[in-house]
Structures are given as C-alpha cells and as structure tokens.
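Reviewing the structure listed below.
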Protein chains: 2
Amino acid sequence: MKSRITLKELAKLLNVSVSTVSKALNDSPEISPKTIERVKELAALHKYRPNPTAVNLKSSKSGTIGVIIPNIANSFFAKVLSGMEEKAQKEGLQVITYISNEYIEKERHISELLTSGYVDGVLIAIAEETQRKKEFEHIENIIDFDIPVVLYDRIGFEMPVDKVGIDDHRVFYEATKDLQNKGVNKIGIATSIHHMGVGKSRINGYKEALRKNDTFYIANSAKMESLTEKTLKMLLEDKVEAVLCSDFDSTMLTYRLAYEHGLRIPEDLKIIGFIRGGLAKYLTPSVSYVDQSPHKIGEKAMEVLINRINKKDATPKTKYIIETNVVHLESTRFD
Amino acid sequence: MKSRITLKELAKLLNVSVSTVSKALNDSPEISPKTIERVKELAALHKYRPNPTAVNLKSSKSGTIGVIIPNIANSFFAKVLSGMEEKAQKEGLQVITYISNEYIEKERHISELLTSGYVDGVLIAIAEETQRKKEFEHIENIIDFDIPVVLYDRIGFEMPVDKVGIDDHRVFYEATKDLQNKGVNKIGIATSIHHMGVGKSRINGYKEALRKNDTFYIANSAKMESLTEKTLKMLLEDKVEAVLCSDFDSTMLTYRLAYEHGLRIPEDLKIIGFIRGGLAKYLTPSVSYVDQSPHKIGEKAMEVLINRINKKDATPKTKYIIETNVVHLESTRFD
DNA sequence: CTGAAAGCGCTTACAG
DNA sequence: CTGAAAGCGCTTACAG
C-alpha cells in the first residue's frame, strides 16, 4: 500500500516549513529559485500531488462540473457528454454525471446535491416530466445559489441562464421547404416528443413552412402503440409522400412500418429522421438525418459554463445556436 | 445570492458550540434530546447541508467513484453507466466520468488523477490501445495505492481485482451449437474487435463449437473497408448460411451488405448480433441479438466496488458473470 | 527569503 | 450533557 505524500512530510524531509513548500510548488516570487528547485525535485521524486479535497476546501471550489442527463441511453446525450468531458479534461475539471431518467423527483434530488457544494457549475437538459409539470423551482434554486447554470439541447425555457442548442424550429422549417421545392406535397410528421420543448419547436417549424392549401399530418404519441396506429394511418390512409421524424423512436418506427406494409423507401415514401449518422448509413435503405453535432453542443456548453465560472464572461446571458444540417442518404433520393 | 449556512453560523444562532451542533446533527448520544431537537429544527429551517468537501477532508474519503469508459457513444457503455449511476445515487455516492476514447495516454492521465485522491474507487473497462500494447502499469498503480478497482465488461485480464462481465466465450459457443442443432452448417463470424479480449473470447467460443469437418469463416478487421471486403467474400463466395456478429459495426455492416447484394434475411442468411434490443426490433427484418443486460452489469460492478470500499467484502477477488441470452427475432426465423 | 499563524468547514477524542 | 482543542491538507496574509 502506497499513499500520497503530503506537504507536511515533504517539508520535514527538506527541513523547511510547510508554507515554504507550498509557495515553492506554486512558483511564488517570495521563494528563492534555489529552494524552488530543491522542493520541486523532491516533490517530483515522490510524485507529490496536492490533495484535491484540501485545495477545494481552501478555495471554496470543487473543481467539478455537474452534468444532468435525462437519458443516457439516447446516443445523442452520450455524445454530448463526451464533448463535455473532453473540454473539461482539457481544463483540468472533473465531470460528475447525474441521470434524471426524465423524472422530476430525481432532478430535484440532484439539484439538492448540487446546491450543497458538490460542483462549481451545472449543465442541464431539463427532464421530460419537469417540462410537462412546468415546475422549475429546483432549477431556479440552483441559480439562486449563484451556481452558474447552462441549459443544453433543451433550451426553450425562460430562465436567466446561458443556453446551448440547435435551432429546432428552423431544422424542420427548412427540411419541409426543401422537400416542397423538390416537388413533395404531402408531408407529415411522426413524433414521440411533441409534448417537449424541442418537439414543439420542430413541429412549429414544419407547420410554418406549409403553404396555404397544405394539410397538417401529424402522428404524435409518446406511447408506441398509439404512435404506431397514428403513423400507419398517415402512411396508408393519408398517403403522405414524406415523413419528418423528430426523434429516434419515431424515425425507426416509420422506417419499420414502411417495410411491414410494403411501402418502398424512397420511391413511395421519403424519410428524414433524428438519428445518428453511425446508424443511419447502415439502414436499408440508409436514412437521411439531421446532424446535430452533439459533440460540439457538449463542448460549447462546457466552454460557456467555464467562462461564466471564471467570470471571464460578464455579458448578458446568451443563447448559442450550433449549426445543423440535413445529411441526405438513400431515404430522400429523387430519381 | 444565497449561500449555504455553516455549522459555525448555526452554532452562533443557537448560542451553543460548533461541536454540539455537529454532534446533535449526527444524533450523538452525548447530546440531550432537547438540544438535538432545537438544533435540527434550526438546521432544517435554514436547509443546512454539511459541506461535502469539509466532510471529505476529515474522513479522507471523497464520496466519489471514478468510472473510466472507453467509448460512451457505444450504447452498451451508456447503459452500463446508467446502471452504475443508479446504484451510486442510492448509496449517496457521486460518479465522476472519465472517457478514454480507447487511448492509453488518456487512460494514463486519468489514472494519475485517480491516484491523487479524487475518488474512493474505480470502475474501468480497459481501452483498446492499452489491450493492444499490453501495458497496464498505470492501472496497477491505482491498485498499489490501495484504491479498490473493479474491471467491468472487459474482464479477461490477469489482475488482482474483482471483475464483472459476461461469459463471452459461452455466448458464441452456445449460439453456434444452437444454430447447428437447427440444421445450419456453414456458420461464419464477422468482427471488428478480434484484437480485443472480449472479441477473442467470442471467437474462441465459436471455434470450439465447430465440429470436426466444419470450416472456420472469420471476417475480421477493425477497418471498415477491409471488414466489408472480408464479409462480402464470406457471404458471396463462401456462402455461409449464418453470421455471428460480435459488435455493433459488424452487425450493422452484415445487415447492410446482405441488403445491398440481394441476400434475403433470414431465408438466405441468418444473423445474430451484438446490438441493443431497442434498435434490433426496428430493423427490417428485426435482428436477433445477444442481450447483455448492460444496466445490470453496471449495477453489479458498482455494488461489488462499494462493498470493497466499505470492507464488507474481504473475500478473495471474484469474477462475477452476468447472465446473457440470445433474443431471437426475425433474422433467425426458421420456417 | 522563510516561517508561524490563521483559516477553509467539518469531526471527534478529551476535559469539565 | 456541553465545549475547547486538535486536526484533515492545504493556502496566504503577515511578521521577521
């Protein structure tokens, strides 16, 4: 059993005071170059590392960022997390991961921890249940404690914090317009997240792009059974020519239902979905998708948060939009 | 701006000493019930929470578990993480996430942090590069510091630590036997992880299940281009009747290549893959898969680690095997 | 240039 | 039953 050497032990070995060792290691101008060298040499020899807990206690910092993730099984959030972690690692910060599983009670519990001083800042994508209930006190509570908060991905909320995400409205607005320009008239939406902020924005973008005589076709349900039923109606009765899918489940479901009912993609039905490229390209046919650059969202959110923590950024709270683009694969091929 | 009330402030308000407050909050028998009540009441009123950093410094614990993840975009690891996080949350522990991206240098850097006292224990799935180079000093270093370590998922290494994973060998052994029993003779493997421990075990399980006159068919490459070529050869020239795929990419690639080259699944080709059920069921046709219970692996690994930390478990280091089973969907349908 | 002292917010043996 | 003191491992104003 080894254990890390402390300042005190180092001081003893060097026959100097703890203060001197501490200052030397921190390159204080108060200390002679000679001493600094001696101290650093021995420290290196013993692989001295300051005890982070002690440093934190002194500085009233934790050196840690709290990230609240609604659903880590969603590969979008997994990638966002990897962007955050990468940035944090570069800055020497630790990332504590909390998973809300979309539940408000979990989120409340996490918020309680966060205000106890576990972290210097918080990145949060607000849970589905919280959005539904519209109860944000626990999040406002974090803000009240002067802990910098940045909203990521789910950014359509009135809160005095920075936000980093995509322009959900625009994505579907432009996707719809683009399909129209290519001659597609009956366009529908399949969504299992219509009750969430990002889902609403996407739907609104679609609606706004529709022209005077166009009809809305929206298959929406968070329950798979009901979504299946509604999507089938849209495909088989309404006979839409294209479907914009707002999330993983609606994308895969539409893809699967077309297969089950003999609709050929893209000949009979065009699809644009929200899935990751690493999956989309393997589907048969490959499915066109909205590239959200999740890694970049994570990096940017972390960057913005760190700047707030370091007070480098005293500007008003800002909304940062990460560019998206539709990657066209076989499911939107026009012959 | 609020900020958490401290013991000292509480003591002042109550006109008692800091020690008394501390003891009262910890239900010390030294303190009179009356005082305990008074103290707790005021503490509740002010929503007092002990400063975790201070508590940690006193106890020389961090209340934190470090999890090293090779690749969070892999939904298997994402789910493992969620199992870990859930268990940790129940035990009042924080999870610090570190992502190695399969690189040894990252892993070394993380190990350095871990031995500095950031965490009370470590859960690690060893990076691909580390496995290739067979250089494990940085991990042994963590163990030398008496920080409990548990290997998860990638458990085929000689190390004096607990291990939690699946029986990779058996999975493919039994899948192969099962196919044989159903009359399938030419069985092949597609894999992009043949150079990793889990990949090797799976391949060995398959080989062992083959009978005297059976031929090996193994398409193996970590490079997609080469894997594509080898898999195509196996499908079109060797004309295997079934393919066991050892990972996400090989599964999806085989699925896609069959489509591109007009092989019908399952009529011409049967597939069993390593993908998650939430995806498998949506594929066209749906693809049979090995259910690894990643959430359970995460929970178990965290549980084992916590027991080690609390010295509840003084037994020799153990390997815990989580049960798997093949979920048969359309891609292995026999008519 | 070096060191003694105070303090970050707690806990706990010890004294009274 | 209550409190003063020491200490966890650091940093930093202050004195010399």
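Chain letters run A, B, ... following the sequence lines, proteins first, then strands; residues in each count from 1.
Residues forming a side-chain hydrogen bond (donor to acceptor under 3.5 Å, both in side chains) with A:T97 (at least two apart in sequence, or on another chain): B:T97. A:E135 is linked by a salt bridge (charged side-chain N to carboxylate O under 4.0 Å, His left out) to A:R108, counting only residues two or more places apart in sequence or in another chain. For A:R38, the salt bridge (charged side-chain N to carboxylate O under 4.0 Å, His left out) criterion is met by no residue, not counting sequence neighbours. Shown here are the salt bridge (charged side-chain N to carboxylate O under 4.0 Å, His left out) partners of A:K133, two or more places apart in sequence or in another chain: A:E129. With sequence neighbours excluded, the residues satisfying salt bridge (charged side-chain N to carboxylate O under 4.0 Å, His left out) with A:K23 are A:E30.
Remark: A:S59 is not in phosphate contact with D:dT11, judged by side-chain N or O atoms under 4.0 Å from OP1 or OP2. Phosphate proximity of D:dG9 to A:Y48: absent, as no side-chain N or O sits under 4.0 Å from OP1 or OP2. Close to D:dG9, at under 4.0 Å from its OP1 or OP2, lies no side-chain N or O of A:T53.
Comparing C:dC1, C:dG9, C:dC10 against the side chain of B:L57 picks out C:dG9 as the nearest. Counting only heavy atoms from C-beta on, B:T6 has its side chain closest to C:dC10 among D:dG9, C:dC10, D:dT2. The nucleotide whose nearest atom lies closest to any side-chain atom of B:V55 is, among D:dG9, C:dT11, D:dT2, C:dT11.
Stems are defined here as 3 or more consecutive Watson-Crick or G-U wobble pairs with pairing distances under 3.5 Å; those involving DNA chain C are C:1-3 with D:14-16, C:5-12 with D:5-12, C:14-16 with D:1-3.
Using a 4.0 Å heavy-atom distance criterion, B:P33 is classed as a sugar-phosphate-only contact.
Rounded to an integer number of Å, the gap from B:N56 CG to C:dT11 P is 11 Å. Distance, A:E37 CD to C:dT2 P: 13 Å, rounded to whole Å. As rounded to whole Å, 13 Å separates atom C1' of D:dC1 from atom CZ of B:R38. Taking atom CD1 of residue A:I5 and atom C1' of nucleotide D:dC10, one finds them 15 Å apart after rounding to whole Å.
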What nitrogen or oxygen pairs link the protein and nucleotides 12-16 of chain D at under 3.5 Å?
from, atom 1, to, atom 2, distance (Å)
D:dA13, N6, A:K23, NZ, 3.0

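Of the candidates B:I69, B:V67, B:L114, B:L114 is the only one forming a side-chain contact (heavy atoms from CB on, under 4.5 Å) with B:Y98.
Taking atom P in both C:dA4 and D:dG7, the straight-line distance is 16 Å, to the nearest Å.
Listed by first then second residue, pairs satisfying salt bridge (charged side-chain N to carboxylate O under 4.0 Å, His left out) with a partner in residues 8-20 of chain A number zero, not counting sequence neighbours. Residue pairs meeting the salt bridge (charged side-chain N to carboxylate O under 4.0 Å, His left out) criterion with at least one member in residues 49-58 of chain B, sequence neighbours excluded: A:E112-B:R49.
With contacts defined as side-chain heavy-atom distances shorter than 4.5 Å, the pair B:I99/B:K106 does not qualify.
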